[in-house]
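The block underneath contains the structure these notes are about, expressed in structure tokens.
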2 protein chains.
Amino acid sequence: MSSDDSFRPAVRGLLTERIARQLENDIREGTLAADTKLPSERELAQRFGASRNVVREVLRRLEAQDLIDVQPGRGSFVTARGTRSPFGTERPTVRQLIEARIPIEVEIAGLAAQRAGAAEIAVITQAHQRVLDAPDAAAKARADLTFHEALAAASGNPVLRVMLSSIGGPMFEMMLRSNSDPAIAEPGVPHHAEILDAIIHHDAPKARSHMHEHLALGLRTYGADLDVSLDVMATRHLDQLLKQV
Amino acid sequence: MSSDDSFRPAVRGLLTERIARQLENDIREGTLAADTKLPSERELAQRFGASRNVVREVLRRLEAQDLIDVQPGRGSFVTARGTRSPFGTERPTVRQLIEARIPIEVEIAGLAAQRAGAAEIAVITQAHQRVLDAPDAAAKARADLTFHEALAAASGNPVLRVMLSSIGGPMFEMMLRSNSDPAIAEPGVPHHAEILDAIIHHDAPKARSHMHEHLALGLRTYGADLDVSLDVMATRHLDQLLKQV
DNA sequence: TGGTCCAACTGGTACTACCAGTTGGACCAG
DNA sequence: CTGGTCCAACTGGTAGTACCAGTTGGACCA
């Protein structure tokens, strides 16, 4: 596993590889800004001293990575997504995260109450227990996230699950902060059990209301941190944890 | 607009698209198991009735997605992690997509009505106009997606925007199908205008109810396709488009 | 039996040709 | 001058051919 990596020469498609890397770097580093029009395939071929075939295959690869957008008759254009993170330059705040989680997670809770079978309930119960048993804030945050993901899985709707997992990063940052601060964490302790109970009894309205309460709680307990961006808060929080050690 | 005569080949790279989808499906569904050797490029070209160029570009795309491993002098092999995707092995259906879109997009519409300023409204209006002006189903689907993304941006909540964009692929597939079928597309035509109007007048309840109606409409018009997985439907639809050409 | 070697594969690259869509400017009618 | 039409020069999409450099397996010989 470790040794045979050196055997693999990686010289495959040297030309293609070289051109692809160069264009990829130019896009990711911003040398080619978003919405820039790339030279035509024929011109790129000439410029790189390669055939048009090679250039086209490189463009296919960049296209599959969502770095460029190829339009017949017009040309190839650098995609906006190429240079930015999912959130771009925007830093979501705690308030925005809660605001977004409420509609989707309330729906998830309701559907999970309607549809969860024994297997799904077992997974949720296990995650719930792991939250209770977690020895520290980080483990608690991980288990907390798992709990909510298990609910999404139990909703029986993979689209909801994917949407929730797309914001797993910010959710984890928030949970890390929540579970480190007793003033925030403790009022929410009974909520998980109540949600789980409603799901076990297939009481969708109750599951929805408990989930709503669980999430909206943060709006009251976070105080001044409500409108602080999540990553700033996480950084500050980590600094604080480091000092304690 | 008549459904048959005025229709033009709407999708970019139809041939490439079709072959890529078929191979991708075969790999993800396990018809082509892991470590299976694909036929040679020349044979694939003959089998699909395409040129070797086209096949090679498809292979590049699959390679960029980590679905296959191409080795010079030997052949192309299906990667073990072939079945990996945001959705895993689950294939979301139209019904599941609608079910998931309703809570989040209703919330988006309501917030957009509360918060959209002149700039956001201008962007939404422009997207709305592009939907109306689109010459074919593919352009209409692209503009349709842009419209909904513009609403998400106008909600002022980047978390909602990220969640929505995480399901942009399935949404586009559904829109492509919707906008190709007058029986599905036409009843929904007035909805965009109604939503836009509610946002302009900052009428959040009306924006929410119109969005709900807009999305729920599909539950009535899709008929038997409601429980067909989106990618199967998209593949079928592309085949149909190809026959018309 | 063991080795050499060659023919038939494989993908990598190049070049040419033609099609269909897009675009911008020339040109013409008002 | 204005508005439209139209054409030429682009763009990417596809097809076909040719040749190179690796890989592979079997024929063949020592």
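Convention: sequence-line order gives letters A, B, ...; per-chain numbering from 1. Every heavy atom of this structure was used, including side-chain atoms; hydrogens, water molecules and symmetry mates were not.
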Nearest-nucleotide comparison on DNA chain D, the residue closer to the 5′ end among Arg42(B) and Gly49(B): Gly49(B)
Met174(B) side chain near Tyr222(B) side chain, heavy-atom distance below 4.5 Å: yes
In whole Å, what is the span from the [atom1] atom of [X] to the [atom2] atom of [N]?
| X | N | atom1 | atom2 | value |
| --- | --- | --- | --- | --- |
| Leu15(B) | dG12(D) | CG | P | 19 Å |
| Ile68(B) | dT10(C) | CD1 | P | 15 Å |
| Lys37(B) | dC9(C) | NZ | P | 12 Å |
| Leu59(B) | dT10(C) | CG | C1' | 12 Å |
| Asn53(A) | dG12(D) | CG | P | 14 Å |
| Glu41(A) | dG21(C) | CD | P | 17 Å |
| Glu43(B) | dA8(C) | CD | P | 18 Å |
| Arg56(B) | dT13(C) | CZ | C1' | 8 Å |

Nearest to the Ser76(B) side chain among dA15(D), dG11(C), dG12(D), which nucleotide is it?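 Of all the options, the side chain of Ser76(B) is nearest to dG11(C).
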Dump the intermediate steps for salt bridge (charged side-chain N to carboxylate O under 4.0 Å, His left out) on Arg47(B) and Glu43(B), then the final yes or no. CA-CA 6 Å; Arg47(B) 192 176 297 187; Glu43(B) 187 178 342; 2.7 Å; yes
Residues that Glu194(B) engages under salt bridge (Lys or Arg N to Asp or Glu O under 4.0 Å), provided they are two or more places apart: none
Any side-chain N or O of [X] under 4.0 Å from OP1/OP2 of [N]?
| X | N | answer |
| --- | --- | --- |
| Arg74(A) | dG12(D) | no |
| Thr16(B) | dT14(D) | yes |
| Ser51(A) | dC15(C) | no |

Side-chain donor-acceptor pairs under 3.5 Å in residues 96-110 of chain B, sequence neighbours left out?
{"from": "Gln96(B)", "atom 1": "OE1", "to": "Thr93(B)", "atom 2": "N", "distance (Å)": "3.0"}
{"from": "Gln96(B)", "atom 1": "NE2", "to": "Gly156(A)", "atom 2": "O", "distance (Å)": "3.2"}
{"from": "Glu99(B)", "atom 1": "OE1", "to": "Arg115(A)", "atom 2": "NH2", "distance (Å)": "2.7"}
{"from": "Glu99(B)", "atom 1": "OE2", "to": "Arg115(A)", "atom 2": "NH1", "distance (Å)": "3.0"}
{"from": "Glu99(B)", "atom 1": "OE2", "to": "Arg115(A)", "atom 2": "NH2", "distance (Å)": "3.4"}
{"from": "Glu99(B)", "atom 1": "OE2", "to": "Asn157(A)", "atom 2": "ND2", "distance (Å)": "3.0"}
{"from": "Arg101(B)", "atom 1": "NE", "to": "Glu105(B)", "atom 2": "OE2", "distance (Å)": "2.6"}
{"from": "Arg101(B)", "atom 1": "NH2", "to": "Glu105(B)", "atom 2": "OE2", "distance (Å)": "2.9"}
{"from": "Glu105(B)", "atom 1": "OE1", "to": "His148(B)", "atom 2": "ND1", "distance (Å)": "2.8"}
{"from": "Glu107(B)", "atom 1": "OE1", "to": "Arg208(B)", "atom 2": "NH1", "distance (Å)": "3.2"}

Nearest-nucleotide 5' precedence on DNA chain C, Arg52(A) against Gly73(B): Gly73(B)
In this structure, are over 12 heavy atoms from other groups packed under 6.0 Å from His212(B) atom NE2?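 12 or below, so no.
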Verify salt bridge (charged side-chain N to carboxylate O under 4.0 Å, His left out) between Asp144(B) and Lys140(B), making sure each step is shown before the conclusion. CA-CA 6 Å; Asp144(B) 200 345; Lys140(B) 208 174 274 286; over 6 Å; no
If we ignore angles and hydrogens, is there a donor and acceptor under 3.5 Å between the side chains of Asn53(A) and Glu57(A)? no
Using Watson-Crick or G-U wobble pairs with both distances under 3.5 Å, give me DNA chain C in dot-bracket, 5' to 3', with [ ] for crossers and | for pairs to another strand. ||||||||||||||||||||||||||||||
